[in-house]
Amino acid sequence: MTDGMNPSLLVFLYGLATALATGLGAIPFLWMRSVERRGAALANAVAAGLMLGACFGLVSEGSGYGRWQTVAGGLLGVLFILATQRILAGREPSVADVADEAGARKVLLMIVVMTVHSFAEGVAVGAAFGGGVALGGIITVAIAVHNIPEGLAISAVMRPRGASVASCALWSVVSSLPQPVMAVPAYLFVESFRPALPWALGFAAGAMFFMVFQELLPDAYEDAPRPQVGLVTSLTLVAMVLFQRSL
Amino acid sequence: MNPTLTVLIYSSVAAVTGGIGSLPLAFRSSPPTRWLGWANALAAGTMLGVAYVLSASEPGARAWELAAGSIVGVLFVHGVQRAAGTLSLDLNRLEQEEAVYGYKVLLATALHAASEGVAIGAAMLVNLPLGIFMALAIALHNIPEGLALAAVLRAQGLTLGHAASLTVAANLNQVLFAVVTFALAQAAPGLLPWALGVAVGSLVQIVMTDLFSHAYRQDGHTSVALAAVSALGMVVLLSGG
Ligand SMILES: [Zn+2]
Ligand SMILES: [Zn+2]
């Protein structure tokens, strides 16, 4: 990797950068009490385009090492997301026991959901660095940008309940801390066990594709006009794909 | 075989499979909304996979021409959808509508088919296996798309036979666009990256405006996501032979 710096440290720092980006989602609340739904939806559309473009990059890199392994890894990524969602759905009542007030419960639940969801994204950052610094940088940027609307969503739930902007930002960052934490072991794993690389790249792509299809896109279509969402997502996607090709 | 003839044959196969999609309607003349949701999600996943395979092909192609081509593709489809009035039209309404509604839906399908034709023609020029793969992937994609279209046409009062043949007819310009793209880019190889770019951009724009937006209203987010991601994975798995 790059000269001088310990590669694991570098991966950790990139993962940390994506986590810190989540905190940026709290910034609009410095001057407003609630966000316009359409704005949040279009932010999701941009994030969806970037993530899809990044997934194209992961699949193409993974296919270079082994196509069926990449696709099989993708299947595991989808199953991982489905399994975590099922487990969380089962735990929902116990979260309610901890906090009896409905509002607090909603905040807590949201932070838990976001935290679990960050696991797969951390694996994506780490695995991508196994494919080279350029791919790692691309995936980091895509996930960092996608984290901003997630921070926005957390802040939008917390801020009306009287939380300060600083604590909105703090909790947003906390929800993404699994990213640097998971990125390092994922990176070390693919570096020391190369045959796992296409599996890991595929896992990251499968999980991210699924999240985009299941959450980001439908959320975007719900709150903004379809022509705008379509155009924003398409342009972001092709821009991301071509940006990666030109590296 | 004459290469143009190859393009003609394979793109015709892709156009004709749209008719197969109408077969389930022989059992259920008015399909449940969820069927349409799956159909749209499968069509979206295959088409996104096709766009991926095209964008990853031809590593030698100059990046800025591809980039310009794909932005042209996105904006061109957006412009045609706007001009045709299909940009925010619900393309899968199964209630009785005025005849103009049926025409608009056919028009939207013809626009899909044109973009798919450009994709087949450009892929055939990159290399023959890629072109054949592209034609077969689009043939597969046309089956669920044909189901949604035939369901709308049936609801307009057409017989199953009529609906099936109109579905094929709406896809026929695919053959024309495939052959013209192939011939043009063969004559002027500098056009190939542009054609690839236009195909990627227009396919992505159709997936995002027409296919996903309908699927989410017709079925749950999780099953749409599962159908789309499986179709996409299948295309990636089979690509590159
Ligand atoms: Zn996320
Ligand atoms: Zn189509």
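Naming convention: chains lettered A, B, ... in sequence-line order (proteins, then strands); numbering from 1 in each chain.
- Between A:Q179 and A:N147, the side chains place a donor N or O and an acceptor N or O closer than 3.5 Å (distance only, hydrogens not considered).
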Quiz: residues 67-84 of chain B side-chain donor-acceptor pairs under 3.5 angstrom, not counting sequence neighbours:
unit_1	atom_1	unit_2	atom_2	d
B:S70	OG	B:L66	O	2.9
B:S70	OG	B:A67	O	3.1
B:Q81	OE1	B:Q205	NE2	3.4
B:Q81	NE2	B:T209	OG1	2.9

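- In this structure, the portion of A:L237 lying under 4.5 Å from any heavy atom of chain B is its side chain and not its backbone.
- Under 3.5 Å, the side chains of A:S172 and A:T22 contain no donor-acceptor pair of N or O atoms.
- For A:V241, the part lying near chain B is the side chain, with the backbone staying farther off; criterion is any non-hydrogen pair under 4.5 Å.
- B:V224 does not touch chain A: none of its heavy atoms, backbone or side chain, sits under 4.5 Å away.
- A salt bridge links B:D219 with B:R34; the closest basic N to acidic carboxylate O contact falls under 4.0 Å.
- Of the two parts of B:L226, the backbone and the side chain both hold a non-hydrogen atom closer than 4.5 Å to a non-hydrogen atom of chain A.
- Among residues 140-150 of chain B, no residue has any heavy atom closer than 4.5 Å to a heavy atom of chain A.
- For B:F182, the ring pair (Phe, Tyr, Trp, His ring centres under 6.0 Å) criterion is met by no residue, not counting sequence neighbours.
- For residues 104-111 of chain B, an interface with chain A (any heavy-atom pair closer than 4.5 Å) does not exist.
- Residue A:L75 does not touch chain B at all, counting heavy-atom pairs closer than 4.5 Å.
- For chain B, the nearby parts of A:F210 are the backbone and the side chain; heavy atoms of each come within less than 4.5 Å.
- For a residue to count as touching a neighbouring chain, one of its non-hydrogen atoms must lie under 4.5 Å from one of that chain's; by this rule A:S63 touches chain B with the side chain only.
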